[in-house]
Amino acid sequence: MVREEEAFRVELGAFSGPLDVLLDLARRQKVDLAGISVVALAEQYLAWLESLRGRRLALAAEYLVMAAWLVWLRSQLLLPAPERAPEADREAEGLRERLAALEAVRRAARWLEERPQLHRERLPRGAGERLPVRHEGPVVADLPSLVGAWFRLAVRAERGRVVRLPPRRLWSPETALEHIYRRLTGREWHELAAFLPPFSCGLERRAALASGLVACLELARRGEVELRQPRPFGPLFVRRLA
Amino acid sequence: MTEREDAETAEAERLVEALLFASPEPLDEKAIAAVVGTGVALAAVLERLAARYAGRGVRLERSRAGWAFRTAPDLAAKLARVDRRPRRLSRAALETLAVIAYKQPVTRAEIEAVRGVAPTRAVMDQLLELGLIAPRGRKEVPGRPVLWGTTPRFLDFFGLSSLDDLPRLEEFEEGLFAGTAARGGGDGDGAGA
Amino acid sequence: MTEREDAETAEAERLVEALLFASPEPLDEKAIAAVVGTGVALAAVLERLAARYAGRGVRLERSRAGWAFRTAPDLAAKLARVDRRPRRLSRAALETLAVIAYKQPVTRAEIEAVRGVAPTRAVMDQLLELGLIAPRGRKEVPGRPVLWGTTPRFLDFFGLSSLDDLPRLEEFEEGLFAGTAARGGGDGDGAGA
């Protein structure tokens, strides 16, 4: 594949690939393509290539592969018939056919080019109007989307209310530690909840409980208190060690 | 008018017709003259062209922006493309319906208070047309606004046997935030919803 | 035809006229029938409409892509500045398009075999973007290359009513082989032709 086609054309003029060059040279022989002399064509191609190299133009590999093949083909065709490689005549004929096919495609392309093209000779409606759409299909909705809509609204409403509340009161573990340590007296078990500040908001209470637990764990680590929880997720009890 | 003048006018009419057809915008007479040339009685050409299209499916219209072809207004309704594909309730309609379902009976103002925006006329009309909501009397406050509620068809539409089947946000909040203690009971509630 | 039928046909003609005027893209008879309804002899209506516009600045064209109004080609020179989108196809693009049109469905490798060079990415992109070609499945050979073909828009673009409007490729080859016997190669290699 000649990927460099576009870049290459700048250097080689209007040719898209070696076959294109050969077709152009063949047409300069001014005979029909079936009667074209492949030997002459090969020589013209090689001469053309030489002239490019003289101008130090970079050549794509494709052009050199074609050159190598033509050198071989020419040498074969110049031999007397009995000594030629049997495929040489076939190859020469194949080349003529390919050139004829390319020429036909080129003429077809020119024919297309000359058609009255859209946006060139035939203009479409410039200000197309968007026609209205009338929906007659059934309307569908499912329960999850209805419930989802409600939950989104409810949560948004809740958030809206939080903005109006005073900032959350949080009980830091340091405060909790000091508070519990000062109030924890005697040798009896006390429920941790008894030490919590009188927060009414659920979230603030839960946060304070967490801070209280952290404080108690720290006190236990220091050997100041011991902790007890009779059942999982049940109330926590704390008492001072002797 | 000589025969030649006649042919010229006819040719100018074709050109103006094509020009106005292909132009993305309306064209004023100056812009048309720039294409057609000044040797033509443009006003007469436009008049002839407008007359030719009178009563057709397309009309030549003149506005302040200029001349343009437009489909005849009486065809607008018939030209609508019919779309028979199922379509989902819009988000606005779903939200409005959800507020009515959960808070019924409610007034439009109460719906607006929850959603932040009032339901549009089109949304209310659609829900009414679908038979999902119905008026439930009036609220005895100044202005006596209509109270809205859901219909039996609403239950049908969403496959509910009663309004109690609608899951409440609180059930989920308990399950989500109250920790594992609440989980046992919360799960059972959820399954029934 | 009764008077009433006559009026109905006239009304259908107006409706089809408006519909086709409003659409920059061709509409096929199915799309037209979706708006006009099936109770109308659509083919006859379209025929009458096309006849009405014959010789005007705007013509009703028919192709496999459907029906569309287009400006008359003879006015092109004077309308050149109205449409700002004319884009010339490069020779490489036109040749590639010609190979696809004649040999479809065809792979890139097959296009390369004819032209001696593979179509570049830029050329394929341009043809795709203009909606002139489209993939037509894959060829069941190793690598399963994409097969390419032309679209209905290709017909509209070049003002063809169907692919049958393309001259046969052999017609373009005419003259290429003329006088073979007389010219029989100067160096002997042409003798076998």
Side-chain angles (χ1 to χ4, degrees), chain A residues 1-3 5-6 9 14 16-20 22-23 31-40 62 66 73 77-78 80-81 88-90 92-93 96 98-113 115-131, chain C residues 19 21-25 35 59 61 68-73 76 79 82-83 85-89 91-92 94-95 97-99 101-102 112-118 120 122 156-160 166-167 169-170 172-173 175-180 182-190 192-193:
Chain A
M1 279 188 205
V2 181
R3 292 238 176 247
E5 187 198 5
E6 297 300 329
R9 184 176 297 157
S16 41
L19 200 62
D20 214 20
L22 282 171
L23 180 58
V31 288
D32 59 86
L33 290 173
I36 215 82
S37 160
V38 171
V39 169
E62 229 71 5
M66 178 62 84
L73 193 57
L77 292 173
L78 287 175
D89 286 315
R90 235 179 15 251
E93 190 48 37
R96 289 191 196 96
R98 286 189 73 193
L99 291 175
L102 180 58
E103 176 63 18
V105 161
R106 273 193 171 185
R107 290 179 181 185
R110 227 167 14 245
W111 184 84
L112 278 179
E113 166 67 14
R115 295 287 307 166
Q117 285 180 26
L118 192 64
H119 296 297
R120 211 180 62 185
E121 281 83 22
R122 294 153 46 247
L123 307 185
R125 178 84 171 111
E129 294 174 55
R130 272 263 283 274
L131 298 177
Chain C
L19 182 65
F21 232 84
S23 168
E25 299 299 325
V35 171
R59 308 187 309 181
E61 294 184 2
F69 280 114
R70 301 284 181 245
T71 61
L79 294 175
V82 176
D83 191 326
R85 281 189 298 173
R87 227 192 313 178
R88 288 192 91 80
L89 287 169
R91 192 165 70 91
L94 275 166
E95 283 186 22
L97 191 56
V99 178
Y102 276 98
E112 179 179 6
V114 176
R115 294 194 58 231
V117 284
T120 60
D156 181 32
F157 195 92
F158 289 101
L160 301 164
L166 290 173
L169 203 51
E170 291 77 33
F172 290 121
E173 283 174 4
L176 291 178
F177 288 101
T180 301
R183 301 253 183 198
D187 43 42
D189 61 284

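Worth saying up front: this structure is predicted, and the values here are computed from it rather than measured. Per chain, numbering begins at 1; letters A, B, ... match sequence-line order.
Remark: Arg115(C) does not engage Asp20(A) in a salt bridge, criterion side-chain N to carboxylate O under 4.0 Å.
Chain C forms more heavy-atom pairs under 4.5 Å with one residue of Leu23(A), Leu102(A), Leu22(A), Leu112(A) than with any other, namely Leu112(A). Among the candidates Gly126(A), Ala81(A), Ala108(A), Gly128(A), the residue making the largest number of heavy-atom pairs closer than 4.5 Å to chain C is Ala108(A). Across Leu97(C), Leu166(C), Val35(C), Asp156(C), the residue that shares the most heavy-atom pairs under 4.5 angstrom with chain A is Asp156(C).
The shortest heavy-atom contact between Glu173(C) and Ala104(A) is CG-CB, 3.4 Å. The two residues Pro73(C) and Arg122(A) have their closest heavy-atom pair at CG-CG, 3.8 Å.
Side chain of Arg120(A) to backbone of Ala76(C): no donor-acceptor contact under 3.5 angstrom is found. Checking side-chain atoms of Arg125(A) against main-chain N and O of Ser23(C) turns up no donor-acceptor pair under 3.5 Å.
For Glu61(C), the part lying near chain A is the side chain, with the backbone staying farther off; criterion is any non-hydrogen pair under 4.5 Å. For chain A, the nearby part of Ala72(C) is the backbone; its heavy atoms alone come within less than 4.5 Å. For Phe158(C), the parts lying under 4.5 angstrom from a heavy atom of chain A are both the backbone and the side chain.
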Before giving the answer on side-chain contact (heavy atoms from CB on, under 4.5 Å), spell out for Arg110(A) and Leu94(C) the whole-Å C-alpha distance, their side-chain angles and the decisive distance to 0.1 Å.
CA-CA 8 Å; Arg110(A) 227 167 14 245; Leu94(C) 275 166; over 6 Å; no
For Arg88(C) and Glu113(A), run salt bridge (charged side-chain N to carboxylate O under 4.0 Å, His left out): C-alpha distance rounded to whole Å, both residues' side-chain angles, the deciding distance at 0.1 Å, then the answer.
CA-CA 9 Å; Arg88(C) 288 192 91 80; Glu113(A) 166 67 14; 2.6 Å; yes
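No side-chain heavy atom of Arg70(C) sits under 4.5 Å from any side-chain heavy atom of Pro116(A). Here the side chains of Glu95(C) and Arg106(A) are in contact, with some heavy-atom distance below 4.5 Å.
Distance check, rounded to the nearest 0.5 Å: CG of Leu19(A) to CD of Glu112(C) gives 11.0 Å. Interatomic distance, Thr71(C) OG1 to His119(A) NE2, rounded to the nearest 0.5 Å: 10.5 Å.
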